[in-house]
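Here's the structure, in structure tokens; my notes come after.
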Amino acid sequence: MSEVKLEDIVSLAKRRGFIYQGSEVYGGLSGTWDYGPLGVTLKRNIMNLWWKTFVDSRDEMYGVDAAILMNPGVWKASGHIDTFTDPLVECSNCKGRFRADHLEGDKCPNCGKTGTFGEARQFNMMFKTNVGPVDDDKSISYLRPETAQGIFTNYKNVLDSFYPDLPFGIAQMGKAFRNEISPRDFIFRSREFEQMEIEYFIHPDEWEQMFEGWIKGIRMFLTSELGLPAESIHELEVPEDDRAHYSKRTVDFEFDFPIGREELLGLAYRTDFDLKNIHDNAGKNMEYTIKGTNDKFIPHVIEPSFGVERMIMAVLSSAYREDEQNGEKRIYLALPEHLAPVKYAVSPLLKNKPELVAKAREVYDALKKKHGNVMWDDNGNIGKRYRRQDEIGTPYCVVIDFDTLEDDTVTVRDRDTTEQKRVGLDELVERQDRSL
RNA sequence: GCGGGCGUCGUAUAAUGGCUAAUAUGCCUGCCUUCCAAGCAAGCGAUGAGAGUUCGAUUCUCUCCGCCCGCACCA
């Protein structure tokens, strides 16, 4: 399973309508990806599952959906304008480029020459744009490089509307943009991506136990909900040197991707850094008063930050299977049933028998009405349909044959075992599955 | 962003400075088919974009775009 190659996933994703290169007909645009009919469903299933797990099924969570364009003051205060701007210098000898603030002296780390560096140039990883019709310095804004700030800027609004007890959290899913120097590895690092983030507001005295609680919650989500194999998930305690300056503890959840072990999501204790910024810079009181007391303080924050595309890549690569069937290679996606873009494929055993087709249509309509994500498939022969559905991860293929006409039972074929069971129609339609 | 490699139907591959760019698979239409890519027949579908050299370029050259590998980057 660790032998899954990224190119196999990319090829399947394109061939079967999950993920295409962005702007492909115009030659593409580096770092962008488009989701096809199956991909968008898979993606939404994952996002809905996350929302259901961390927001809908909890009492202390609140959702928001903030604007992508924000007042540039946000990015000044957050440090993004300063720290996302890396001064780069170029060596005139070997043409290598390096971050000026990472160099020791004027010796080129590549070719070893000294005194070959030109002037440092700024490179900002935020996408800059202009708000309003006038293109001048005053109109500059940025596409958000993270969704977190849209939560912090609404912290006060949520307080005013709900005044929840601590601890409570605000969650958001949405697009973020980073002008990466080199987007790579399929959807793993792209310039436009989607985040799912929570800012969990706590009393500072409780941060350690809250942090542990989030570690457990995340583990549970990755394994029980997303169905990722526990042995492929690794928790990395990020050492102080590698942490953001405001973070007192960060744990990266890493995953064994086809491209190697890489970060899947991050969990960071951000202290009161962000709210304090707003408190100090925007002149707004961000303090929280414990109800019935005069105990006032700026809440601290624990931030789980998920990348949607990385979840998708983890799910796809851990679901990708190849095995042998009658001497032929069989490719299938062992997706958890509740994530699969198509849950049932319905076929008449034979396409040229009108009574079978009519009955199959009935079954299809009934299942579609009940479950939504059901596909009609009468292409070629039955074996071909099975293989086709295997590749897109459809857990169940329902086949209507001559017996169905007699006793209202159908064949349900299982994707992973390829075994077939005879199931009553009523039982199938009323079957409770894990809904999203 | 640097260095190297690469770019041919949806996918995977082949070939060529000159006839209609080939094969498999896929897709599609018809026939057939009583459970794991069967068969028959017809069809669709590509030289990434632009410029140059040339009588003629998919092939050679250049620019751009994109992909892959390494370096760097990944707040």
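Only heavy atoms go into these numbers, but all of them, side chains included; no hydrogens, no water, no symmetry mates. Lettering follows sequence order; numbering is per chain, from 1.
- Atom CZ in A:Phe152 sits 9.5 Å away from atom CG in A:Asn277 (nearest 0.5 Å).
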Which protein N or O atoms sit under 3.5 Å from an N or O of nucleotides 6-10 of chain B?
| unit_1 | atom_1 | unit_2 | atom_2 | d |
| --- | --- | --- | --- | --- |
| B:rG10 | O3' | A:Lys14 | NZ | 3.3 |

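- Remark: A:Glu237 engages A:Arg249 in a side chain to side chain donor-acceptor pair (under 3.5 Å) (not counting sequence neighbours).
- Comparing the same atom, C1', in B:rA37 and in B:rG3 gives a spacing of 44 Å after rounding to whole Å.
- Taking atom CZ of residue A:Arg191 and atom P of nucleotide B:rC65, one finds them 11 Å apart after rounding to whole Å.
- Secondary-structure annotation of RNA chain B gives the stems B:1-7 with B:65-71, B:10-13 with B:22-25, B:29-31 with B:39-41, B:48-52 with B:60-64, with a stem taken as at least 3 successive Watson-Crick or G-U pairs whose two distances both fall under 3.5 Å.
- Counting only residues at least two apart or on different chains, no ring pair (Phe, Tyr, Trp, His ring centres under 6.0 Å) pair has a member in residues 400-431 of chain A.
- Atom pair A:Leu405:CG and B:rU34:C1' shows a separation of 12 Å (rounding to whole Å applied).
- Remark: the separation of the C1' atoms in B:rU47 and B:rA15 is 11 Å, to the nearest Å.
- For the ring pair (Phe, Tyr, Trp, His ring centres under 6.0 Å) test, no residue two or more places apart in sequence or in another chain qualifies with A:Tyr386.
- Side-chain N/O atoms of A:Gln21 include one lying less than 4.0 angstrom from OP1 or OP2 on B:rC67.
- For the OP1/OP2 pair of B:rU33 and a distance below 4.0 Å, the side-chain nitrogens and oxygens of A:Asn352 include at least one atom meeting the criterion.
- To the nearest 0.5 angstrom, A:Met47 atom CE is 4.0 Å from A:Met173 atom CE.
- Across the C1' atoms, B:rC2 and B:rU59 are found 29 Å apart, a figure rounded to whole Å.
- When the P atom is used for both B:rG26 and B:rA21, the distance is 24 Å, rounded to whole Å.
- For A:Ser11 against B:rA12, no side-chain N or O and base N or O form a donor-acceptor pair under 3.5 Å.
- As a whole-Å value, the separation of A:Ile331 CD1 from B:rU11 P is 15 Å.
- Rounded to whole Å, the distance from CG on A:Leu29 to P on B:rC67 is 8 Å.
- Per the geometry, NZ belonging to A:Lys353 stands 6 Å off P belonging to B:rU34, to the nearest Å.
- Checking the phosphate oxygens (OP1, OP2) of B:rC67, a side-chain nitrogen or oxygen of A:Ser30 falls inside 4.0 Å.
- Among residues two or more places apart in sequence or in another chain, the side chain to side chain contact (heavy atoms under 4.5 Å, CB included) test is passed with A:Asp8 by A:Lys5, A:Tyr320, A:Glu322.
- In this structure, CG of A:Leu350 is placed 12 Å from P of B:rC36, rounded to the nearest angstrom.
- The CG atom of A:Asp416 sits 19 Å away from the P atom of B:rC36 (whole-angstrom rounding).
- Taking atom P on both B:rA49 and B:rU8, the two are 11 Å apart, rounded to the nearest angstrom.
- Remark on RNA chain B: of its neighbouring residues A:Arg385 and A:Glu328, the 5'-side contact belongs to A:Arg385, judged by nearest-heavy-atom nucleotide.
- In this structure A:Phe211 satisfies the ring pair (Phe, Tyr, Trp, His ring centres under 6.0 Å) test with no other residue, sequence neighbours excluded.
- Between A:Phe297 and A:Tyr288, the angle of the ring planes lies from 30° to 60°, which puts this pair in the tilted group.
- With C1' as the reference atom, B:rC31 and B:rG45 are 24 Å apart, rounded to whole Å.
- Take A:Arg422 and apply the side chain to side chain contact (heavy atoms under 4.5 Å, CB included) test, not counting sequence neighbours, and it matches A:Asp401, A:Asp403, A:Thr404, A:Asp407, A:Thr409, A:Thr411.
- Ring pair A:Tyr246/A:Phe273 is parallel by interplanar angle, where below 30° counts as parallel and above 60° as perpendicular.
- Here the two rings, on A:Phe54 and A:Phe306, have centers that are under 6.0 Å apart.
- Taking the nucleotide of RNA chain B with the nearest heavy atom to each of A:Lys351 and A:Asp414, the more 5' of the two is matched to A:Lys351.
- Sorted by first and then second residue, the ring pair (Phe, Tyr, Trp, His ring centres under 6.0 Å) pairs with a member in residues 405-427 of chain A form an empty list; sequence neighbours excluded.
- The CD1-P distance, from A:Ile259 to B:rC67, rounds to 15 Å in whole Å.
- For the P atom pair drawn from B:rC67 and B:rG56, the interatomic distance equals 34 Å after rounding to whole Å.
- With hydrogens and angles ignored, no donor-acceptor pair closer than 3.5 Å exists between the side chain of A:Arg184 and the base of B:rC68.
- With A:Arg415 contributing its side chain and A:Leu333 its backbone, the two residues share a donor-acceptor pair below 3.5 Å.
- Ring pair A:Phe168/A:Tyr155 is parallel by interplanar angle, where below 30° counts as parallel and above 60° as perpendicular.
- Within residues 420-429 of chain A, the residues that place at least one heavy atom under 4.0 Å from RNA chain B are, in residue-number order, A:Gln420.
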Give me, pair by pair, the N or O atoms of the protein and of nucleotides 24-28 of chain B that are less than 3.5 Å apart, along with how far apart they are.
| unit_1 | atom_1 | unit_2 | atom_2 | d |
| --- | --- | --- | --- | --- |
| B:rC27 | OP1 | A:Arg388 | NH1 | 2.4 |
| B:rC28 | OP2 | A:Asn379 | ND2 | 2.7 |

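- Annotation: ring pair (Phe, Tyr, Trp, His ring centres under 6.0 Å) contacts involving residues 3-44 of chain A, sequence neighbours excluded, comprise A:Trp33-A:Phe186.
- Taking 3.5 Å as the limit, the base of B:rC35 and the side chain of A:Tyr386 contain a donor-acceptor pair of atoms between them.
- Counted by atom type alone, A:Gln149 and A:Ser78 present zero donor-acceptor pairs between their side chains at under 3.5 Å.
- On the C1' atoms, B:rU58 is 24 Å away from B:rG4, given to the nearest whole Å.
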